[in-house]
Asks: 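Just passing along the structure, written as structure tokens.
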Amino acid sequence: MKNDFITILDFGSGKITCMAATKVNDKGEFVIRAVGQSAYNGFDSDAWYEPDTIYDCIGQAVSQVENKMKAKIKEIFVGVPGAFCAEVTSEATIAFHSKKKIDDVDVQDIIDKADIYKCEGGYSPLGGKPVYFVLDGALKMVNPVGFIATRLMGIVSFSYMKNYFRDSVSSALRKYGINKINYINTCEAQASYISHSMFGDNYCIVVDIGHITTNVMLCGGNGLLFERTFALGSGYFASDLCQVLGCDFKFAMTALEKVNLNLEVQSGDAYSLNGKMIDAFQTNEVIRARIGQIAEYVIKSFRFCDKDIPADTPIVLTGGGLAYLRGGSDCLAAHLGKKVRMYDSFNAQTKRNEYTSCYGLIFAAVNTNKSKGGLLSFLTKGRKGE
């Protein structure tokens, strides 16, 4: 019997999250029904930090959802973190002999024609997704089906995942009896979800600052135009405080809850924490310095981007790190020299910044299931784990 819910698996830099959700309508809206989590030590661009624990950590998150849903998971959508992904874009054009009404076949032809990259050893393709189309060199849109044109140009984003990630995750999931596995580029899903939720089809830069990893994404139209991942996150704030204040990591993490970078603190001011006083000026300056470094890395990331980015492109901050530090987004904005918006949602179920990658995966999974056999059937092409 087929599950009446969609299940996703998300790999953050400090925890693995499994979520079960039910589709609400054809706009991609959903209701989250169960959440399972397990803590782990994360990864870098080459491997898991503790590969021997991955099987059990995945099993813990999955089992929690199965127990809450009182059902066995038969199919799962797995998010591939930016550190295990590569993304490129390509352009293709089709010229017709006369005016023609664009259909799904023409869209698929654009995707096939744009697929000029040979998959490097150690990687597997996740498929291509059109970002936007241009009809007759003038009319730009995300869905050209039904329009009349003599020439169709499309920008297509292609994603690839490291086989190391696929092999280890697939092996773990099969161990727990899940054999139908779909892989999705997490950065693409997350950026598309945030862009769709907050800006429609307009350009959007998403900066997801996690515990030890930061993802920088450029989204425009209906897909991902650029992504970059670097190993630096909010977990470094506590490490810095440990060194400067001479405290333990647990105390430093608690101290971050007191920090307010919007306060005009001076030398001699202090934060009171569990009966102890810590230098507020020194604490704020240490954290501001690390945020400045993160901002510098964000700026450097775009040196690898060959896309023209409109000057008014909004920047959205999300993730479970800096987003919850009072004054954090303002400090990041000051270092970037650009206004930074916080991710937000009208839906109480999808308001938490640390789960936007999960929301994006659910949104992508809902749309993938909805579109099988239709215009968006390319979403499933090349993504099966089998």
Side-chain angles (χ1 to χ4, degrees), residues 1-24 28-43 48-84 165-187 189-190 193 208 210-213 235 318-321 323-324 345 347-366 368-369 383 385:
M1 180 179 176
K2 187 177 180 180
N3 293 138
D4 64 348
F5 56 89
I6 287 171
T7 311
I8 64 94
L9 192 65
D10 177 66
F11 292 84
S13 54
K15 62 179 179 287
I16 297 173
T17 302
C18 183
M19 283 189 181
T22 302
K23 168 186 167 182
V24 172
E29 296 178 2
F30 53 85
V31 173
I32 298 171
R33 296 174 58 186
V35 179
Q37 288 187 323
S38 61
Y40 77 135
N41 285 330
F43 49 82
W48 308 107
Y49 286 133
E50 294 183 353
D52 293 340
T53 67
I54 294 302
Y55 279 50
D56 289 339
C57 289
I58 289 175
Q60 289 171 23
V62 167
S63 296
Q64 289 172 40
V65 169
E66 289 183 330
N67 291 335
K68 291 174 182 177
M69 296 300 295
K70 294 182 172 54
K72 180 68 180 173
I73 295 173
K74 300 182 182 300
E75 179 178 14
I76 198 164
F77 292 82
V78 178
V80 186
F84 294 114
F165 175 86
R166 179 202 62 192
D167 294 344
S168 58
V169 174
S170 290
S171 179
L173 290 171
R174 290 193 188 101
K175 177 183 176 182
Y176 292 99
I178 304 174
N179 295 308
K180 195 172 183 181
I181 308 166
N182 310 275
Y183 288 95
I184 298 174
N185 181 338
T186 299
C187 288
Q190 180 183 26
Y193 169 76
D208 181 338
H211 186 63
I212 57 175
T213 303
T318 190
Y324 292 114
S345 171
N347 185 343
Q349 273 205 326
T350 57
K351 288 182 72 71
R352 298 183 64 176
N353 276 270
E354 69 266 39
Y355 295 126
T356 53
S357 55
C358 294
Y359 307 150
L361 291 171
I362 296 172
F363 184 75
V366 167
T368 298
N369 272 5
R383 295 189 174 193

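Computed from a predicted model, the values in this text were never measured in an experiment.
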Asks: Could you pull out all residues at least two apart from Thr350 that satisfy side-chain contact (heavy atoms from CB on, under 4.5 Å)?
Replies: Phe30, Tyr193, Tyr343, Ser345, Asn347, Tyr359
Asks: What pairs with Tyr355 under side-chain hydrogen bond (donor to acceptor under 3.5 Å, both in side chains), at least two apart in sequence or on another chain?
Replies: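 Once residues adjacent in sequence are excluded, the partners of Tyr355 under the side-chain hydrogen bond (donor to acceptor under 3.5 Å, both in side chains) criterion are Gln37.
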Asks: About how many Å separate CD1 of Ile6 and CE of Met19, when rounded to the nearest 0.5 Å?
Replies: 13.5 Å
Asks: Run the side-chain hydrogen bond (donor to acceptor under 3.5 Å, both in side chains) check on Thr318 and Asn353 step by step: do they pass?
Replies: CA-CA 5 Å; Thr318 190; Asn353 276 270; 3.1 Å; yes
Asks: If you take all heavy atoms of Val65 and Ala20, which pair is closest and at what distance?
Replies: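 So the two residues come closest at CG1-CB, 3.7 Å.
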Asks: Output all residues satisfying ring pair (Phe, Tyr, Trp, His ring centres under 6.0 Å) with Tyr40, sequence neighbours left out; order by chain, then residue number.
Replies: none
Asks: Quick one: side-chain hydrogen bond (donor to acceptor under 3.5 Å, both in side chains) partners of Asp56, sequence neighbours excluded?
Replies: none
Asks: Using the test salt bridge (charged side-chain N to carboxylate O under 4.0 Å, His left out), find all partners of Lys68 that sit at least two apart in sequence or belong to another chain.
Replies: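 Lys68: no salt bridge (charged side-chain N to carboxylate O under 4.0 Å, His left out) contacts found.
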Asks: If you compare all heavy atoms of Cys57 against all heavy atoms of Ser38, which two are closest, and at what distance to 0.1 Å?
Replies: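 Scanning both residues, the minimum pair turns out to be O-OG, 2.6 Å.
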Asks: Could you check whether any side-chain heavy atom of Ile362 comes within less than 4.5 Å of a side-chain heavy atom of Ile32, counting everything from C-beta outward?
Replies: yes
Asks: Could you name each residue pair satisfying salt bridge (charged side-chain N to carboxylate O under 4.0 Å, His left out) that touches residues 7-18, not counting sequence neighbours?
Replies: none
Asks: Which value, rounded to the nearest 0.5 Å, describes the distance between Ile16 atom CD1 and Ile58 atom CD1?
Replies: 5.0 Å
Asks: For Tyr55, give me all partners under side-chain hydrogen bond (donor to acceptor under 3.5 Å, both in side chains), at least two apart in sequence or on another chain.
Replies: Ser171
Asks: Restricting to side-chain contact (heavy atoms from CB on, under 4.5 Å), what partner residues turn up for Ile212, sequence neighbours left out?
Replies: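 Expected list: Ser13, Tyr49.
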Asks: Evaluate the side-chain proximity of Trp48 to Thr53: yes if any heavy-atom separation is below 4.5 Å, no if none is.
Replies: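 With C-beta onward as the side chain, the pair stays apart.
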Asks: For Val62, does its backbone N or O pair with a side-chain atom of Tyr176 as donor and acceptor, under 3.5 Å?
Replies: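 Side chain of Tyr176 to backbone of Val62: no pair is present.
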Asks: Please name all residues satisfying salt bridge (charged side-chain N to carboxylate O under 4.0 Å, His left out) with Lys351, sequence neighbours left out, ordered by chain then number.
Replies: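 By the salt bridge (charged side-chain N to carboxylate O under 4.0 Å, His left out) rule, Lys351 matches Asp344.
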Asks: Quick check for you: to the nearest 0.5 Å, what is the distance between Met69 atom CE and Thr7 atom OG1?
Replies: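 So the gap between those two atoms works out to 7.5 Å.
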Asks: Do Gln190 and Ser357 get their side chains close enough for a donor-acceptor pair, meaning under 3.5 Å?
Replies: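 Checked: Gln190/Ser357 side chains show no N/O donor-acceptor pair below 3.5 Å.
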Asks: Suppose we call two aromatic rings close when their centres sit under 6.0 Å apart. Are Phe43 and Phe11 close by that rule?
Replies: no
Asks: Applying side-chain hydrogen bond (donor to acceptor under 3.5 Å, both in side chains), name anything that partners Gln349, two or more places apart in sequence or on another chain.
Replies: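 Here no residue qualifies.
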Asks: Nearest 0.5 Å please: distance from the CD atom of Glu75 over to the CG atom of Asn179.
Replies: 11.5 Å
Asks: Test your reading of the model: is there a side-chain donor-acceptor pair from Ser170 to the backbone of Asp167, 3.5 Å cut-off?
Replies: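 No.
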Asks: Between CD1 of Ile178 and CD1 of Ile73, what distance do you get to the nearest 0.5 Å?
Replies: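 Answer rounded to 0.5 Å: 4.5 Å.
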Asks: What is the distance from atom CZ of Phe77 to atom CG of Leu361, rounded to the nearest 0.5 Å?
Replies: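 One gets 10.0 Å once the value is rounded to the nearest 0.5 Å.
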Asks: Can you name the side-chain contact (heavy atoms from CB on, under 4.5 Å) partners of Val24, sequence neighbours left out?
Replies: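 So Val24 forms a side-chain contact (heavy atoms from CB on, under 4.5 Å) with Glu29, Val31.
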Asks: Under 4.5 Å between any side-chain heavy atoms of Ile181 and Val169, yes or no?
Replies: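 Ile181 does not reach Val169 side chain to side chain.
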Asks: Quick check: closest heavy atoms across Tyr324 and Gly320, and the distance to 0.1 Å?
Replies: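 Looking at all heavy atoms of both residues, the shortest contact is CD1-O, 3.8 Å.
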